[in-house]
Number of protein chains: 2
Amino acid sequence: MALVESSINLEVGKVNPDLQKERDGASFNPNDMTLVLLGGPKRAQHRREVVRQLFSDPVFNQEMRYSQSKTERYDQAMHQSIRLAEYMIEKGWTDKEMQTAAVALHYDLATAVHAVMFVPTILRLATPEQQAEWLPQAASFKMIGTYAQTELGHGTNLKALETTATYDRSSECFIMNTPLPSGMKWWPGGLGKSTTHALVTANLIVDGQSHGFQVFLVQLRDVETFEELPGIEVGDIGPRISVSVTDNGYLIMRNVKIPRNNMLSKYCTVTSEGKFLRQEGTAKSNYGTMMMVRASIVDLAFQNTSQAVTIATRYGAVRRQSELKPGAKEPQIIDFVTQQYKLIPNIALAYGLHFTKEYMLSYYHQVFEEEIQKGVYDSVPELHSQSCGLKAYCTDLSMDTVEVCRRSCGGHGFMMASGLCSLLMDGLGSVTYEGENTVLYLQTARFLMKNYAAAMQGGRTARSLAFLTANHPTCELLDVFNLPQLQAVFDVRAKFMLECGAVRMSESLKNGRQQYEAWNENSVELVRASKAYLDSFTAVNFMKRVSTLDIKPELKDVLMKLCRLHALHRIVSSAEEFLQSMAINTKQLEDIRSAEIKLLASLRPDAVALVDSFDYHDQTLNSALGRYDGNVYEKMYDLTKRNPMNEQSVHPAIHKYLKPFQAKARL
Amino acid sequence: MALVESSINLEVGKVNPDLQKERDGASFNPNDMTLVLLGGPKRAQHRREVVRQLFSDPVFNQEMRYSQSKTERYDQAMHQSIRLAEYMIEKGWTDKEMQTAAVALHYDLATAVHAVMFVPTILRLATPEQQAEWLPQAASFKMIGTYAQTELGHGTNLKALETTATYDRSSECFIMNTPLPSGMKWWPGGLGKSTTHALVTANLIVDGQSHGFQVFLVQLRDVETFEELPGIEVGDIGPRISVSVTDNGYLIMRNVKIPRNNMLSKYCTVTSEGKFLRQEGTAKSNYGTMMMVRASIVDLAFQNTSQAVTIATRYGAVRRQSELKPGAKEPQIIDFVTQQYKLIPNIALAYGLHFTKEYMLSYYHQVFEEEIQKGVYDSVPELHSQSCGLKAYCTDLSMDTVEVCRRSCGGHGFMMASGLCSLLMDGLGSVTYEGENTVLYLQTARFLMKNYAAAMQGGRTARSLAFLTANHPTCELLDVFNLPQLQAVFDVRAKFMLECGAVRMSESLKNGRQQYEAWNENSVELVRASKAYLDSFTAVNFMKRVSTLDIKPELKDVLMKLCRLHALHRIVSSAEEFLQSMAINTKQLEDIRSAEIKLLASLRPDAVALVDSFDYHDQTLNSALGRYDGNVYEKMYDLTKRNPMNEQSVHPAIHKYLKPFQAKARL
Ligand SMILES: Cc1cc2nc3c(=O)[nH]c(=O)nc-3n(C[C@H](O)[C@H](O)[C@H](O)COP(=O)(O)OP(=O)(O)OC[C@H]3O[C@@H](n4cnc5c(N)ncnc54)[C@H](O)[C@@H]3O)c2cc1C
Ligand SMILES: Cc1cc2nc3c(=O)[nH]c(=O)nc-3n(C[C@H](O)[C@H](O)[C@H](O)COP(=O)(O)OP(=O)(O)OC[C@H]3O[C@@H](n4cnc5c(N)ncnc54)[C@H](O)[C@@H]3O)c2cc1C
């Protein structure tokens, strides 16, 4: 075992020689790149220490996760939750450290929603008195909670949720009810087995009159025995491909009485006499959390993408297959250009997403922690629209990447032990939760159409749409590697796509359609316009950020190649839009394709170093194919021998079905 | 319960009114369409009877499959295998009927490879004497076999397989050995637990000299006790996303002796003195099976696509969500144009794949059952290339469709009970097994480049490449619904793409690259050329087949719409190639996009009838979302209550981890 100080993987066995060769041949030191990605040596070191500590504890060893039963996986998720809570007490881990740990564990925790949604919502919507009562219980896990919003019948359209909370003046209670079947709460994380309480979104009714949706704290289980309380029915919603480790649940309430004080009352209250009172300022604050969550999903998209390319690239260096040069030794599969085309543009994407999530998180902080404090709300619409749009765009691309990487591993990409299957299945949730992606693209489109109209009338646009009013010199791509020229190409295309959307809308309206009909009729085009805007925004952001980095020349060099490759690859991926907008012509498209292939060749020697730089711990990847030491086949065999299906040589089904059949057949 | 004679689902409860409304409003009778798809009333009726009989037997009820453990699923797979074997004996089911049943069960059988590969290989490669000895045992399940080819280290490159069979003259035996770790057999279906024997591909060595790969019958387990024989190590390879029901396995042989007679000897033998003899005609016959298997995977791609759109379209009619017209009732989600765009072009694709697989299977039969009998081998290269290419192209598209359909169901698309998750995961295998898709596209490209060169030299081309030499009038798309014009557009684009590939190849060679370097350097373009050819071929085949159908006008009408939509959608999907080749201009591309949206509106009222026409049994779909009766939410709740995670109200993990923590925290 060698000690690798500059990697998160402290102890590494003998490294596969093909992988070692890649590391020896790289043009830069991955540790240097890691420091750039993580914001300096102090942060990098701190992250490494937290993660190494975590994984030195056998409780967090998930090696057998893939062959665990549902109930075993849940058992471990609860164990991990409790162990982390102990770390908080015993090691004094901070929120930041807890988060680093949770990310390293892919949030496979039974109490994730308690930390991420339950407590923050109380902080946001409860009165100081309510907080004083509930938060200490939440901190000691006497009260474990979830946030129950989605119902069987409604996720996207929150206005149509069906759960009711009817005020009963005589008892000064709310009576909670679930209209069946579509009103039952369905999906909330931890609701099935782990929580004593839920914050329930319900339609408030007083004297037969609805006052819209409010949030109520409902006790589900006895805090001592954990048995369900009367009128409550909760359970796990059943097998699913995402969030399969924990206990997303359903909830039915049948005339459940909760005290009047259990309505979260920072902004709205019901007096004991049944008077509904509303304070100022409700909406904005809810809004902020939603944006924060979406911004953090952009980070998740980066994690998923970078982990997938790490696994597939290392495997691509270790796997030897087929013939390249006649008569020569089998090549590493990464030497096939088609294989490079699967991997290297996706490595570039991973780096691009790194800079996108940095942008997203910092813009969020700028708006919510600086501007809004000073009463400046100008950026909110853009932030909202970008957090919707980038959540959708980045998760879509990240999941495409994960699947391309998985397939690039051939047959072994189908083994759970590849680590790629769970990245895919768990990651897929991100395209649907916190706003289904089509719905989000259409949100962004509304913002774009508004800005386009403003720009056409000579008005001001949001910052990211400055290109709508800028006086572009006729864009001419003389050099496919020239960043300003590339940026102009992206701008021209984005502007064109917005224009298409706007023109179609106005044509539909001219043809007598109502606004909503015109919107629906053109929604496919409007989604395309959103994607074009987001595509341009991320490519340009990547180019700008890399251009201004003040780092070692060899790092800058390789990052410049990556942002160029990303730009070219995005052009090729929607080439028809670039052609239609005349941002490029067909000859230039040909040049771009050739340039792309040349960039592959030039980045090929750095492929492994580029993924090593993401500095993932082997236990986070949990992949036999993507191990740091490259000992792939040995690990696969090792895991297989420990697979529960192999505990008995002869499976009982043989004696149960085959033997009696053979006996009969012999007669 | 109503009796629905014209559907495969005999007994149907009260139908969801939104779904009923769709059925009432269709322009044609789905039963009529079913008869067209299945080749007439007799065949349709027979299929219905077999499937209904199957599913009236509780052994084949897979409703709880999604929450079964691995070992329970395997138990059921073995039970189903044995039950089907009993049907063969008791009900006299023929091969055809067995196959209908297997397809309806998604081949979730422990002995699938026994029937599909083991027996056919013996028929193909064993001598009459060997057949006489082995086939009766195989028929009575005394011998259950698999076909063991792929190894841990090699799937694609069969030439590099490592398993050895060394002839030992003294004992007149072969000694089988597995070089570890990469030589172990890995992946063969049924190898883990279900089989007594395997046909093992191994490198034959006599007197230190290799004679290439031969196939050997190796006994793995005692046929009575099912215990592993000495020197044999077999087991399940471990958790995976595809073929997760059965027991794909690994095999290690350590000096395992098998009799000389166990080498399959129709074409090659080793005499007792150790002389290796080869007869004529080996290669071609192996070839045929491979083509047959790939052709049948094109059928599988059709099944997966049509099942996915059936589920998602029915759910799209049942699910009501969001706001369309302000103030009105929530719309059925299928009324959103973005939703139609997810579903209806994929319904068109499903129909297109139906005609593609019909083509593929009939071409296979024409070549192997007519031409080759007469000594005509001319079509073999084209058939080979198309079976490679269409396998890759159709499985790629089908898996895209399954995932689009799954996502189109929002959150509930993540529930295993949707039926879409298993369609995805099991279906994905098809892009990798029987030839990894990239490798297959490159196979097709070789054929294309050869034909292109021939055409340029004024020579003859294969039938499907006639457009290379045809004298096309300058193609002009005056009417985007005109089939001959559309066909010309596809031909121009395909020809252009082949030309691009050829030109790039010759440029690379001119620049001094060796042939293999030029090929690799341009492989990304060559894959694109293959896809363009296959895309054109299937779109044109769809148009041609529909044009010549002699059927009721209302059926013809809707099929014409579908094949137009398919053609337009394929143009939009690779629009840059059509633009580059000048098959269309940018104005026409705009028209095509508009026409596509119009076709969606015109097909919208028939969407449900179009998927009903595929006539899938509810138990084949195994989907709460895609049920024939549309009672989605009720079924989801019903399944959830029976989910094993809900057997106990309080999960043991609470007492194991949470309670002790709380107790400690209180101190
Ligand atoms: C893994 C996972 C974890 C989850 N965890 C939680 C949780 O912890 N707590 C919780 O409360 N919820 C949770 N959810 C639920 C999740 O928030 C919803 O599923 C999500 O918001 C999508 O809503 P839906 O399911 O209603 O989709 P639907 O709205 O039903 O979407 C179905 C289809 O309709 C289309 N559609 C809907 N509206 C429109 C429109 N206006 N315009 C065009 N098309 C439209 C969509 O594009 C989609 O194709 C989770 C979901 C998943 C998958
Ligand atoms: C679900 C499933 C079931 C299976 N069942 C069986 C079974 O019953 N029996 C059996 O014997 N096997 C089975 N297999 C194995 C299967 O046949 C192989 O996995 C498949 O042939 C792919 O080979 P591979 O795994 O070696 O991929 P690899 O060749 O290792 O592919 C990895 C990557 O290398 C690339 N690559 C490889 N060669 C080239 C080349 N020449 N040019 C360009 N790129 C290249 C590929 O494109 C891919 O991206 C099964 C596999 C799966 C997934």
Side-chain angles (χ1 to χ4, degrees), chain A residues 66-67 69-70 75 78-79 82 140 152 155-157 160 181-182 187 193 226 228 235-242 321-322 325 330 337-338 341 410-411 414-416 421 432 436 438 516 520 523-524 575-576 579-580 586 633-634 637 639-640 643 645-646 649-651 653-654 657 661-662 665, chain B residues 66-67 69-70 75 78-79 82 140-141 152 155-157 160 181-182 187 193 226 228 235-242 321-322 325 330 337-338 341 410-411 414-416 421 432 436 438 516 520 523-524 575-576 579-580 586 633-634 637 639-640 643 645-646 649-651 653-654 657 661 665:
Chain A
Y66 304 129
S67 52
S69 70
K70 169 71 201 172
D75 182 285
M78 180 54 91
H79 198 177
I82 298 300
S140 67
L152 189 47
T156 295
N157 190 17
S182 56
W187 273 117
K193 298 285 154 185
F226 244 72
E228 293 164 40
D236 186 283
I237 53 173
R240 54 204 171 263
I241 53 170
S242 207
Q321 193 80 186
S322 294
K325 183 173 176 181
E330 282 186 296
V337 174
T338 45
Y341 203 65
F414 287 82
M415 302 289 302
M416 291 297 298
C421 302
T432 301
E436 193 276 336
T438 306
Y516 81 91
N520 193 24
S523 52
V524 170
E576 76 285 5
L579 291 173
Q580 268 191 293
T586 53
Y633 299 143
E634 294 78 358
Y637 180 40
L639 288 171
T640 289
N643 165 13
M645 271 289 279
N646 295 331
S649 164
V650 184
H651 194 281
I654 300 295
Y657 309 115
F661 171 81
Q662 286 175 333
Chain B
Y66 304 129
S67 52
S69 71
K70 170 71 202 171
D75 182 285
M78 181 53 91
H79 198 176
I82 298 301
S140 67
F141 274 1
L152 189 49
T156 295
N157 190 17
S182 56
W187 272 117
K193 299 283 154 188
F226 244 72
E228 293 164 42
D236 184 283
I237 54 174
R240 53 205 172 264
I241 53 170
S242 210
Q321 192 80 184
S322 294
K325 183 173 175 180
E330 281 186 297
V337 174
T338 45
Y341 203 66
F414 287 81
M415 302 291 301
M416 292 297 298
C421 301
T432 301
E436 193 276 334
T438 306
Y516 80 89
N520 193 23
S523 53
V524 171
E576 76 285 5
L579 291 173
Q580 267 191 294
T586 53
Y633 300 142
E634 294 78 358
Y637 180 40
L639 288 171
T640 290
N643 164 14
M645 271 290 279
N646 295 332
S649 164
V650 183
H651 195 281
I654 300 296
Y657 308 114
F661 171 80

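First the proteins, then the strands, lettered A, B, ... as listed; each starts at 1.
The choice from Ser140(A), Gly411(A), Gly410(A), Ser69(A) that makes the most heavy-atom pairs within less than 4.5 Å of chain B is Gly411(A). In terms of heavy-atom pairs under 4.5 angstrom with chain A, the leader among Thr586(B), Leu579(B), Thr338(B) is Thr338(B). Listed options Thr438(B), Thr432(B), Ile654(B), Asp236(B) were ranked by heavy-atom pairs under 4.5 angstrom with chain A; first place goes to Asp236(B). Among Gly235(B), Pro181(B), Ser322(B), Gly155(B), the residue making the largest number of heavy-atom pairs under 4.5 Å with chain A is Ser322(B). Comparing Gly238(A), Ala653(A), Pro239(A) by heavy-atom pairs within less than 4.5 Å of chain B, the highest count is held by Pro239(A). The residue among His79(B), Lys70(B), Glu634(B), Glu228(B) with the most heavy atom pairs within less than 4.5 Å of chain A is His79(B). Heavy-atom pairs under 4.5 Å with chain B peak, among Ala575(A), Ser523(A), Cys421(A), at Ser523(A). Contacts with chain B were tallied for Phe661(A), Tyr66(A), Tyr657(A), Tyr516(A); Tyr657(A) has the most, counting heavy-atom pairs under 4.5 Å.
In this structure, the separation between CE on Met645(A) and NE2 on His651(A) is 5.0 Å, given to the nearest 0.5 Å. Rounding to the nearest 0.5 Å places CG of Leu639(B) at 11.5 Å from CG of Asn646(B). Put simply, CZ on Arg240(B) and CH2 on Trp187(B) are 6.5 Å apart, with the number rounded to the nearest 0.5 Å.
Contact of Asn643(A) with chain B is made through the side chain alone, with heavy-atom distances under 4.5 Å. Within the 4.5 angstrom heavy-atom criterion, only side-chain atoms of Ala160(A), from C-beta onward, approach chain B. For chain B, the nearby parts of Tyr633(A) are the backbone and the side chain; heavy atoms of each come within less than 4.5 Å. The part of Glu330(A) that comes within reach of chain B is its side chain, from C-beta onward, which places non-hydrogen atoms under 4.5 angstrom from that chain.
Taking each heavy atom of Val650(B) and Phe226(A) in turn, the nearest pair found is CG2-O, 3.4 Å. Of all non-hydrogen atoms in Ile237(A) and Met415(B), the two that sit nearest each other are O-CE, 3.0 Å. The two residues Ile241(A) and Met416(B) have their closest heavy-atom pair at CG2-SD, 3.8 Å.
Partners of Ser182(A) under the side-chain hydrogen bond (donor to acceptor under 3.5 Å, both in side chains) rule, at least two apart in sequence or in another chain, are Glu162(A). Legend: residues meeting salt bridge (charged side-chain N to carboxylate O under 4.0 Å, His left out) with Glu436(B), ordered by chain and number and at least two apart, are Lys342(A).
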